[in-house]
Participant: 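Structure below; questions to follow.
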Number of protein chains: 2
Amino acid sequence: MADRLQELAGAELEVLKALWHLGPTTVREVLNHLHERGKKVAYTTVQTLMIRLEQKRFVVSDKSDVAHVFRARVSRDRVTRSRLKTLMAQLYDGAAGPLVLQLVRNERLTPEEIEQLQELVGDLDPGE
Amino acid sequence: MADRLQELAGAELEVLKALWHLGPTTVREVLNHLHERGKKVAYTTVQTLMIRLEQKRFVVSDKSDVAHVFRARVSRDRVTRSRLKTLMAQLYDGAAGPLVLQLVRNERLTPEEIEQLQELVGDLDPGE
DNA sequence: GGTATCCTACTACGATTGTCGGAGGTCGTC
DNA sequence: GACGACCTCCGACAATCGTAGTAGGATACC
């Protein structure tokens with residue numbers, strides 16, 4: 001129960017991403033954004049998702065205007081961290097190593113990412 | 001539809017993990033394993049999950065014995081890769097970098113992992 | 001001031017998930 | 001040959017998820 005972040009369903013995440021992108025905004029704006037991205041959904045579907053997100057406390061709404069304004073309460077990084085933690089717990093008893101190695105081995109990184117990574121990793125001390 | 005790996009539900013993954021750990025085995029053995037881990041579930045629950053895993057093609061069964069023997073068809077790494085890919089797609093438009101950096105920054109790695117990582121990362125060429 | 005438009009609130013419904021119970025077969029043992 | 005231990009098969013049921021329709025109020029424009 002503690003980790004409510006985990007209860008984010010797929011379609012809800014889609015909406016939350018729109019909120020991250022757009023900033024505090026209305027159902028209508030999120031709907032437009034999704035339509036631009038090629039995602040066809042009904043107005044009320046988005047509305048339902050946003051209400052569920054609020055019930056789950058991932059967003060808050062300001063109801064002073066006719067069209068309620070919703071705002072994300074959790075950051076993208078926070079959600080990522082939570083998801084990664086779940087993944088680590090589920091698959092590797094909480095160890096981060098296998099995931100990191102898997103990613104570095106199998107995925108393409110941009111030059112900037114490589115540089116940042118080299119710097120970060122260079123600072124690590126295997127110790128003993 | 002292509003990526004059937006994504007349709008692995010949480011409780012199903014628990015069972016799949018048991019199969020990875022135990023090798024090809026029966027419902028009873030998986031049940032015992034879960035009980036040892038402190039997970040209290042009924043025999044038929046595990047059975048249902050294993051059948052669903054088979055329907056989703058994550059495992060195959062040999063029905064020649066009275067107690068059917070189930071075997072994982074996908075590896076832990078394969079599932080991890082798929083999950084990571086989903087995470088990347090959902091949260092960072094498919095980019096691996098943010099995940100790697102997030103992990104290296106926030107998670108503890110063992111000395112061995114650090115060494116492996118340094119070696120891997122040292123070989124990367126930011127090039128351009 | 002009627003009509004189209006937009007918004008919220010509520011309800012709904014099929015699919016998936018997590019969890020089991022019961023029916024009915026087989027097998028070993030007393 | 002009845003009893004208990006196991007097994008599979010089938011059905012079920014509540015919760016969550018994805019998706020959306022409808023009712024009814026506000027707004028705005030002609």
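Labels below follow one simple rule: chain letters A, B, ... track the order of the sequence lines, proteins then strands, and each chain is numbered from 1. Note: hydrogens, waters and symmetry copies are ignored here, and every other heavy atom, side chains too, is used.
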Participant: Is the shortest side-chain heavy-atom distance between B/E113 and A/P126 below 4.5 Å?
Facilitator: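 The answer is no; the side chains never approach within 4.5 Å.
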Participant: Would you call B/E7-B/R52 a salt bridge at under 4.0 Å N-O?
Facilitator: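 The answer is no: the pair does not qualify as a salt bridge.
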Participant: In residues 64-77 of chain A, what donor-acceptor pairs under 3.5 Å come from side-chain atoms, sequence neighbours left out?
Facilitator:
| unit_1 | atom_1 | unit_2 | atom_2 | d |
| --- | --- | --- | --- | --- |
| A/S64 | OG | A/D62 | OD1 | 2.6 |
| A/S64 | OG | A/D62 | OD2 | 3.4 |
| A/R73 | NH1 | A/R57 | O | 2.9 |
| A/S75 | OG | A/R78 | N | 3.0 |
| A/R76 | NH1 | B/L91 | O | 2.4 |
| A/D77 | OD1 | B/Y92 | OH | 3.0 |

Participant: In chain order, what residues pass the side-chain hydrogen bond (donor to acceptor under 3.5 Å, both in side chains) check against A/E119, with sequence neighbours excluded?
Facilitator: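 Listed in chain order: nothing, the list is empty.
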Participant: Rounded to whole angstrom units, what separation is found between the CD1 atom of B/I51 and the P atom of D/dC7?
Facilitator: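 Rounding to the nearest Å, CD1 of B/I51 and P of D/dC7 are 13 Å apart.
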Participant: At the 4.0 Å heavy-atom cut-off to chain B, mark where contacts on DNA chain C begin and end, going 5' to 3'.
Facilitator: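 On DNA chain C, the outermost contacted nucleotides are C/dT17 to C/dG22.
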Participant: Please round to 10 degrees the angle between the axis of the first five pairs and the axis of the last five pairs in the helix from C/dG1-D/dC30 to C/dC30-D/dG1.
Facilitator: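 The two end axes of the helix from C/dG1-D/dC30 to C/dC30-D/dG1 meet at 10°.
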Participant: For DNA chain D, find the residues of residues 12-31 of chain A with a heavy-atom distance under 4.0 Å and give them by number; none if there aren't any.
Facilitator: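 DNA chain D contact set from residues 12-31 of chain A: none.
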Participant: Let me check something: do B/L16 and B/I51 share a hydrophobic cluster, defined by ILVMFWY side-chain heavy atoms less than 4.5 Å apart, either directly or through other members?
Facilitator: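 B/L16 and B/I51: separate clusters.
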Participant: Is it true that B/V15 and B/V60 fall in one hydrophobic cluster, defined by side-chain heavy atoms closer than 4.5 Å?
Facilitator: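 Different hydrophobic clusters.
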Participant: Kindly write out the residues that satisfy side-chain hydrogen bond (donor to acceptor under 3.5 Å, both in side chains) with A/N106, not counting sequence neighbours, or none if the list is empty.
Facilitator: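 Listed in chain order: A/Q102.
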Participant: Would you give me the side-chain donor-acceptor pairs under 3.5 Å for residues 34-48 of chain A, sequence neighbours excluded?
Facilitator:
| unit_1 | atom_1 | unit_2 | atom_2 | d |
| --- | --- | --- | --- | --- |
| A/H35 | NE2 | A/V41 | O | 3.0 |
| A/T48 | OG1 | A/T44 | O | 2.8 |

Participant: Can you pull every protein N or O that's under 3.5 Å from an N or O on nucleotides 21-27 of chain D?
Facilitator:
| unit_1 | atom_1 | unit_2 | atom_2 | d |
| --- | --- | --- | --- | --- |
| D/dG21 | N7 | A/T44 | OG1 | 3.0 |

Participant: Would you indicate whether the side-chain heavy atoms of A/L19 and A/M50 approach each other to under 4.5 Å?
Facilitator: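 Side-chain contact under 4.5 Å: yes.
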Participant: Identify, with sequence neighbours excluded, every residue that meets salt bridge (charged side-chain N to carboxylate O under 4.0 Å, His left out) alongside A/E14.
Facilitator: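 Partners of A/E14 under the salt bridge (charged side-chain N to carboxylate O under 4.0 Å, His left out) test: A/K17.
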Participant: Between B/Y43 and D/dC6, does any side-chain N or O lie under 4.0 Å from OP1 or OP2?
Facilitator: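 No, no such contact exists.
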Participant: Sequence neighbours left out, what passes side-chain hydrogen bond (donor to acceptor under 3.5 Å, both in side chains) with A/Q118? Give chain and number order.
Facilitator: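 None.
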Participant: For A/H21, what residues pass the ring-ring contact (aromatic ring centres under 6.0 Å, His included) criterion, not counting sequence neighbours?
Facilitator: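 With neighbours one apart ignored, the set is A/H33.
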Participant: Measure CG/A/L34 against P/D/dG18 and give the value in whole Å, please.
Facilitator: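 Roughly 13 Å, once rounded to whole Å.
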Participant: Using whole Å, report how far CD of A/E7 lies from P of D/dC17.
Facilitator: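 Value for this atom pair: 8 Å.
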Participant: Could I get the full list of side-chain hydrogen bond (donor to acceptor under 3.5 Å, both in side chains) partners for B/E29, not counting sequence neighbours?
Facilitator: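 Counting only residues at least two positions away or on another chain, B/E29 forms no side-chain hydrogen bond (donor to acceptor under 3.5 Å, both in side chains).
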Participant: Return the 5'-most residue of the pair A/G10, B/H68 with respect to DNA chain D, ranking by each residue's nearest nucleotide.
Facilitator: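 Its nearest nucleotide lies further toward 5', so the answer is B/H68.
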Participant: Distance check needed: D/dT8 C1' versus B/D65 CG, whole Å only.
Facilitator: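 After rounding, the reported distance stands at 14 Å.
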Participant: Using whole Å, report how far CD of A/Q55 lies from P of D/dA15.
Facilitator: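 Atom CD in A/Q55 sits about 15 Å away from atom P in D/dA15.
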